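Letters A, B, ... are given to chains in the order of the sequence lines, protein chains preceding strands, and every chain is numbered from 1. None of the values given here were measured: they were computed from a predicted structure.
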Amino acid sequence: MDIVSGLAHGFQVALSAQNLLMCVIGVVLGTVIGVLPGLGPPATIAMLLPLTFKLDPTGSMIMLAGIYYGAKYGGSTTSILLNVPGESSSVVTCIDGYKMAMKGRAGPALGMAAIASFIAGTFGVVALMLVAPPLANFALAFSAPEYFALMVLGLAMVVLLSGDSLVKALLAMLVGLWIASMGTDLFTATSRFTFDRVELLGGIDFVIVAIGVFAVGEVLGNMEPAKPAEMLPVPKGLRNLMPTWDDMKRCRFAFLNGSVIGFLIGVLPGAGSTIASFISYGIEKAVSKHPEEFGEGAIEGVAAPEGSNNAETGGALVPLLTLGIPGSGTTAILLAALVLWGFKPGPLFIQDSPELFWGLVASMYIGNVLLLVLNLPLVAVFAQLLKLPAYAMYPLILGVSIVGVYTSASSMFQLWLLAAFGLLGYLMRKLDYPTAPLVLGLVLGDAMEKALRQSLMMSQGSLSILLRPIPTALLAIAALLLLVPLVRKFNAYRVRVVEREVG
Amino acid sequence: MKRFLRSGDFWSGLALAALGAYILSEAHRWVYMSEDGPGAGFFPMWYGGIMVVLSLVLVAMSVLRPARAAEVRWKDVGRAFTCWIAFVGCVASMPVLGFAASFALLTWFIIQGMFGERARIAIPVAVGGALGFYALFELGLDLALPHGIFF
């Protein structure tokens with residue numbers, strides 16, 4: 001199926017009444033959780049995932065993806081009006097967005113955030129549509145050794161870019177691999193790490209870990225009393241939300257910068273939308289004729305990061321759908337969702353499931369238009385959510401978590417596991433262990449072990465099979481990524497010691 | 001008290017080293033490599049070994065270069081643990097009280113006990129929330145929620 005007929009088929013799928021409704025639910029829910037600080041897309045998608053098992057997978061995927069990219073639109077509202085990022089990817093928007101609001105330009109800041117998000121988000125979908133099919137064709141030549149090396153590279157990038165401590169990120173990833181190997185080994189039927197519990201013979205359901213670590217852990221972390229922030233008013237009327245023509249002209253490069261940087265960073269596993277928004281903000285400031293205005297309320301400082309964090313979504317879906325490699329916690333949950341529904345993300349995904357792939361792409365065009373409508377005239381309505389008391393939200397999250405986990409297996413044992421993983425999620429946050437490597441290790445662990453063992457079976461146990469050109473290149477990059485920071489750290493330590501001795 | 005003994009890295013490193021040792025001891029019992037290829041112990045042996053090494057590196061770093069630990073606000077940690085214990089209590093009471101009553105008690109505890117709201121707010125929200133969940137999931141979506149002895 002070529003791109004034009006694929007897209008036409010996709011619109012047929014996405015415009016059906018049921019899928020359109022799922023798209024609306026997804027983007028509205030995404031905007032809501034984007035506006036609310038403390039509840040992110042991974043927690044929401046993980047909580048809702050078990051509830052989608054009885055629904056049509058295409059509609060469910062459209063809804064979950066809507067939550068993923070919708071949250072990025074909503075996050076800017078909180079950044080601009082409250083100086084608190086609704087989403088981690090909207091941190092940079094606080095810098096100039098809040099300053100603009102303080103100067104009485106909240107309307108144009110909100111309007112520009114929505115417009116930049118729409119332009120870059122749409123660019124991301126176009127690029128996804130153009131890049132994914134040829135990449136999938138290229139990856140058709142991959143077999144077990146290439147896949148193993150690719151997964152190692154994906155994990156290495158996530159580990160490298162998660163948090164301040166490489167050691168802690170690696171340890172979190174290894175714990176994820178350990179949880180993934182619990183249950184019956186499918187090659188030899190050996191029970192591993194089951195603690196003599198029958199319930200663990202099938203392994204631990206990914207959903208329980210994701211909901212525990214992201215949702216319950218998040219609630220426990222938010223139990224600390226926060227200082228109430230004062231919300232700036234939203235200007236009334238659509239006219240007061242629209243940026244001026246001069247604002248639009250100033251942001252021409254920011255739209256392009258945000259779109260391209262966001263998409264490219266999105267394709268890289270581990271980098272994520274927060275890094276994309278920081279980089280595009282930095283580039284925008286570097287090339288600006290008025291760099292001194294950045295930090296004081298420059299409208300380009302809103303357009304570039306908001307654009308890039310939305311274009312990142314399209315980029316992040318490329319490795320997820322064509323290679324089966326997720327690059328973040330949220331895409332890891334989406335991968336788990338696809339697998340649980342019976343799909344196999346990878347090079348054959350577009351060929352085998354054209355309805356899902358093209359339906360999703362088309363729904364993202366529709367979703368971006370819906371989000372522009374939601375985030376311009378209705379922004380004042382969503383801003384009212386910030387007045388909701390926290391005490392109403394936390395029991396709701398815990399309740400949905402319990403329902404989500406219990407209904408997936410109807411077992412009280414799963415709820416005990418949920419409580420345990422909730423505590424683990426809280427402790428990880430408290431001790432500065434990043435959660436994304438754990439989730440990725442868990443999602444990829446099984447496939448990675450399978451690919452490695454298949455590779456070694458092909459070569460009668462010889463590691464030389466990993467010396468084929470593609471695996472060698474990928475493993476060398478992974479090793480470099482992990483070794484360079486260590487060498488740098490060692491060098492800095494050596495310099496300090498020499499200076500101390502000389503001094 | 002030595003500074004590193006107050007470090008979260010030191011204790012979490014020790015805990016992870018113990019986990020790594022456990023993984024290695026379990027993996028040791030399984031086949032590492034057979035004629036057919038790698039066995040069940042192959043992969044755990046590798047990541048368990050790496051886990052032991054890395055966690056000992058973390059412990060060593062926290063002993064040799066103890067960072068000035070940020071002050072732990074025990075009151076906040078206590079609040080989080082209180083909430084977790086309430087959540088565990090909610091799960092434990094479900095086989096007896098059922099989902100609706102257990103969840104109502106958890107909601108009431110969080111709103112009144114932890115956020116200090118008055119009973120006239122906490123009780124209606126708790127009861128309304130539990131009934132809302134029951135109506136939506138059990139009746140509306142036909143999903144089975146945990147049932148207790150009474151209902």
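For a residue to count as touching a neighbouring chain, one of its non-hydrogen atoms must lie under 4.5 Å from one of that chain's; by this rule B/I50 touches chain A with backbone and side chain alike. The parts of A/E449 that come within reach of chain B are both its backbone and its side chain, each placing non-hydrogen atoms under 4.5 angstrom from that chain. For A/I402, the part sitting under 4.5 Å from any heavy atom of chain B is the side chain, from C-beta outward, and nothing else. With a threshold of 4.5 angstrom between heavy atoms, B/L106 approaches chain A through side-chain atoms but not through N, CA, C or O. When heavy atoms are compared at a cutoff of 4.5 Å, B/L54 approaches chain A by way of both its backbone and its side chain. A/S401 does not touch chain B: none of its heavy atoms, backbone or side chain, sits under 4.5 Å away. For chain B, no part of A/F187 is nearby; none of its heavy atoms comes within less than 4.5 Å.
Among B/G8, B/G37, B/A40, the residue with the largest count of heavy-atom pairs under 4.5 Å with chain A is B/A40. Chain A forms more heavy-atom pairs under 4.5 Å with one residue of B/C90, B/P95, B/A80 than with any other, namely B/A80. Looking only at heavy-atom pairs under 4.5 Å with chain A, the residue among B/Y47, B/F115, B/F133 that has the most is B/Y47. Counting heavy-atom pairs under 4.5 Å between each of B/F109, B/Y22, B/W46 and chain A puts B/Y22 at the top. With chain A as partner, the option from B/D9, B/L136, B/V31 having the largest number of non-hydrogen pairs under 4.5 angstrom is B/D9.
Residues of residues 118-132 of chain B lying under 4.5 angstrom from chain A, judged on non-hydrogen atoms, are B/I121 by number.
Evaluation of the side-chain contact (heavy atoms from CB on, under 4.5 Å) rule for B/M33 yields B/P38, B/F42 as partners, not counting sequence neighbours.
Between B/H147 and B/F99 the shortest side-chain heavy-atom distance does not fall below 4.5 Å.
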